[in-house]
Q: 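Let me give you the structure first, and then I'll get to my questions.
What you see is a predicted model, and the numbers here were worked out from it, not measured in a lab. Chain letters run A, B, ... following the sequence lines, proteins first, then strands; residues in each count from 1.
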2 protein chains.
Amino acid sequence: MKAGELANRFSVNVNTVRHYVRSGLLSPDKDASGYHYFSAEEERQLAFILRARELGFTLDDIRQLLNDATSGESPCPHARELIELRLTEARQKLNSMQSLVSRMESAVREWQALPDCAPCGDHICHLIEGGHHE
Amino acid sequence: MKAGELANRFSVNVNTVRHYVRSGLLSPDKDASGYHYFSAEEERQLAFILRARELGFTLDDIRQLLNDATSGESPCPHARELIELRLTEARQKLNSMQSLVSRMESAVREWQALPDCAPCGDHICHLIEGGHHE
DNA sequence: ATAAACCTGTGAGCGACTCACAGGTCAAGG
DNA sequence: CCTTGACCTGTGAGTCGCTCACAGGTTTAT
Ligand SMILES: [Zn+2]
Ligand SMILES: [Zn+2]
Ligand SMILES: [Zn+2]
Ligand SMILES: [Zn+2]
């Protein structure tokens with residue numbers, strides 16, 4: 001199977017497949033003409049990569065897990081450690097996204113009552129900086 | 001005021017200030033020895049940038065707003081348009097972060113009941129790919 | 001034979017920093 | 001007066017996970 005076919009089968013951009021090859025997550029053999037040949041094993045490996053990605057692992061994490069498996073170790077301990085780490089990070093990011101959305105929604109709400117400001121020289125934008133004329 | 005002093009005053013990394021200078025959001029004069037000199041106006045402008053950043057505007061957005069103000073137009077219409085745009089994006093990102101965190105939490109919960117897998121040749125990691133031995 | 005539709009490796013762009021590096025400037029202390 | 005150390009400068013590169021562009025090679029169909 002060649003790159004495009006594999007990409008279609010998994011509904012990912014062919015450049016994503018090529019990115020994984022470039023970064024060593026997939027190592028397909030090459031035929032005489034230089035084309036990559038993805039075996040059933042590479043196919044399973046791509047499935048693994050995509051599932052791990054869905055679970056929030058970074059590509060470096062996935063590389064680690066693949067290395068474990070390749071060297072005959074169980075990747076589970078690393079998988080458990082890493083997902084805790086990534087989960088902590090994801091929760092932090094989620095929190096900051098939540099506060100951001102709240103801040104933005106408040107701003108939009110407050111701005112509805114405010115007129116557009118004319119440049120008065122003291123301010124760049126009264127909406128953003130908060131009114132000073134009251 | 002020089003870069004480091006300004007950075008301290010606003011509790012931001014001095015490299016952030018220098019990044020804004022490099023990307024044209026701040027344009028301090030330079031003294032004879034080549035040092036940047038940040039006036040009260042630059043200080044106000046940095047405050048604006050940081051506040052706009054808190055509200056989810058991109059640096060390009062902020063550049064646009066500053067351009068508006070510089071050319072004597074009210075930046076408010078653009079501010080209103082852009083914040084709606086960024087809010088929509090932020091909500092999408094928030095949603096995807098929420099589902100990610102949910103997926104990760106489910107995985108962690110389910111994995112607690114599962115033992116570490118020994119490599120069986122069919123799988124890379126049973127935890128991540130889902131058990132096949134049942 | 002030629003065109004269309006694949007494939008390849010490589011380089012660069014995204015966003016908003018952050019760090020490293022080489023070299024210039026300045027104040028204080030001996 | 002001179003050295004030391006703490007600042008400053010511009011520039012280049014690294015982060016992350018793609019995604020696209022480009023130039024050129026291969027295969028397939030007409
Ligand atoms: Zn005003
Ligand atoms: Zn305004
Ligand atoms: Zn198994
Ligand atoms: Zn496992």
Side-chain angles (χ1 to χ4, degrees), chain A residues 1-39 42 46 48-66 82 85-86 89-90 92-93 96-97 100, chain B residues 1-39 42 46 48-66 82 85-86 89-90 92-93 96-97 100:
Chain A
M1 182 155 21
K2 281 173 286 182
E5 203 180 339
L6 186 68
N8 275 340
R9 188 159 310 194
F10 285 89
S11 300
V12 296
N13 190 313
V14 65
N15 287 305
T16 301
V17 171
R18 305 185 63 215
H19 176 60
Y20 294 159
V21 173
R22 174 152 39 168
S23 41
L25 293 181
L26 291 173
S27 304
D29 291 338
K30 294 169 68 169
D31 69 12
S33 67
Y35 283 18
H36 291 309
Y37 174 77
F38 295 89
S39 67
E42 324 287 336
L46 178 57
F48 172 78
I49 294 168
L50 296 178
R51 173 62 185 154
R53 181 179 70 162
E54 267 179 21
L55 289 177
F57 291 97
T58 69
L59 295 192
D60 271 353
D61 294 344
I62 297 174
R63 210 186 320 277
Q64 165 91 71
L65 300 176
L66 290 174
L82 288 169
L85 181 58
R86 301 309 166 206
E89 292 170 356
Q92 280 169 9
K93 200 165 174 184
S96 69
M97 286 300 301
L100 173 61
Chain B
M1 183 156 20
K2 282 173 286 181
E5 202 180 340
L6 186 67
N8 275 340
R9 187 159 308 194
F10 285 91
S11 300
V12 296
N13 191 314
V14 65
N15 287 305
T16 301
V17 171
R18 305 185 62 215
H19 176 59
Y20 294 160
V21 174
R22 171 149 47 167
S23 41
L25 294 181
L26 291 172
S27 304
D29 290 337
K30 294 167 70 169
D31 67 13
S33 66
Y35 284 16
H36 291 308
Y37 175 77
F38 295 89
S39 67
E42 323 286 337
L46 178 57
F48 173 78
I49 293 169
L50 295 177
R51 173 63 185 153
R53 182 179 71 162
E54 266 179 22
L55 290 178
F57 290 98
T58 69
L59 295 192
D60 272 352
D61 294 344
I62 297 173
R63 208 185 323 276
Q64 165 90 70
L65 300 175
L66 289 174
L82 288 169
L85 181 58
R86 301 309 166 207
E89 292 170 355
Q92 281 168 8
K93 201 165 173 184
S96 68
M97 286 301 299
L100 174 61

Q: Round to a whole Å and report the spacing from NZ of A:K93 to C1' of D:dG17.
A: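 After rounding, the gap between these two atoms is 11 Å.
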Q: A:K30 has a side chain; which of C:dG9, D:dG17, D:dT9 sits nearest to it?
A: C:dG9
Q: What's the closest nucleotide to the side chain of B:Y35 if the choices are D:dT19, C:dG24, C:dT8?
A: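 Closest nucleotide among those given: C:dG24.
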Q: Working to the nearest 0.5 angstrom, can you tell me the gap between B:M1 CE and B:N8 CG?
A: 10.5 Å
Q: Heavy atoms under 4.0 Å, any strand shown: does A:T58 hit a base, just sugar-phosphate, or nothing?
A: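 If one applies the 4.0 Å heavy-atom cut-off, A:T58 turns out to touch the sugar-phosphate alone, with no base involved.
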Q: If each of B:G56 and B:R18 is mapped to the nucleotide of DNA chain C with the nearest heavy atom, which maps nearer the 5' terminus, i.e. the 5' end?
A: B:G56
Q: What is the distance, rounded to the nearest whole Å, between atom CG of B:L59 and atom C1' of C:dT18?
A: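 Result: 14 Å.
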Q: Measuring from atom CZ of A:F57 to atom CZ of A:R63, what distance do you get when rounded to the nearest 0.5 angstrom?
A: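 So the CZ of A:F57 and the CZ of A:R63 are separated by 14.5 Å.
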Q: Whole angstroms only, please: what is the CD-C1' distance between A:E54 and D:dG17?
A: 16 Å
Q: Give one of base, sugar-phosphate or nothing for B:N13, where a contact means two heavy atoms less than 4.0 Å apart.
A: sugar-phosphate
Q: Between C:dT18, C:dT10, D:dT11, spot the one nearest the side chain of A:R22, thanks.
A: C:dT10
Q: If the cut-off is 4.0 Å, is B:T16 near the phosphate of C:dT18, judged by side-chain N/O to OP1 or OP2?
A: yes
Q: Can you measure B:L26 atom CG to C:dC17 atom P for me and round it to whole angstrom units?
A: 12 Å
Q: Is any side-chain N or O of B:S33 closer than 4.0 Å to OP1 or OP2 of C:dC26?
A: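 Yes, B:S33 has a side-chain N/O under 4.0 Å of OP1/OP2 on C:dC26.
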Q: Any base atoms under 4.0 Å from A:R53, or only sugar-phosphate, or nothing? Heavy atoms, all strands.
A: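 Answer is sugar-phosphate: A:R53 comes under 4.0 Å of backbone atoms only.
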Q: Do any side-chain nitrogens or oxygens of B:H36 fall under 4.0 Å of OP1 or OP2 in D:dC8?
A: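 B:H36 to D:dC8 OP1/OP2: no side-chain N or O under 4.0 Å.
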Q: Output the rounded distance in Å from CG (A:N15) to P (C:dT10).
A: 15 Å
Q: Measuring from A:L26:CG to A:H19:NE2, what's the distance to the nearest 0.5 Å?
A: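 It is 10.5 Å, given to the nearest 0.5 Å.
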Q: Which part of the nucleic acid, if any, lies within contact of A:Y20, taking any heavy atom under 4.0 Å across all strands shown: a base, the sugar-phosphate backbone alone, or nothing?
A: sugar-phosphate
Q: Within this structure, what is the CG-to-C1' distance between A:L50 and D:dC18, rounded to whole angstrom?
A: 13 Å
Q: Nearest nucleotide by nearest heavy atom, which residue falls closer to the 5' end of DNA chain C, B:H19 or B:K2?
A: B:H19
Q: Just verifying a value: how many Å separate B:F10 CZ and B:T16 OG1, rounded to the nearest 0.5 Å?
A: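 Going from CZ on B:F10 over to OG1 on B:T16, the span is 13.0 Å.
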Q: How close or far is atom P of D:dT9 from atom CG of B:L6, stated in whole angstroms?
A: 11 Å
Q: How many whole angstroms separate atom CG of A:D31 from atom C1' of D:dT26?
A: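 These atoms are roughly 10 Å apart.
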Q: Could you check whether any side-chain heavy atom of B:D29 comes within less than 4.5 Å of a side-chain heavy atom of B:S39, counting everything from C-beta outward?
A: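 No, every pair of side-chain atoms sits at 4.5 Å or beyond.
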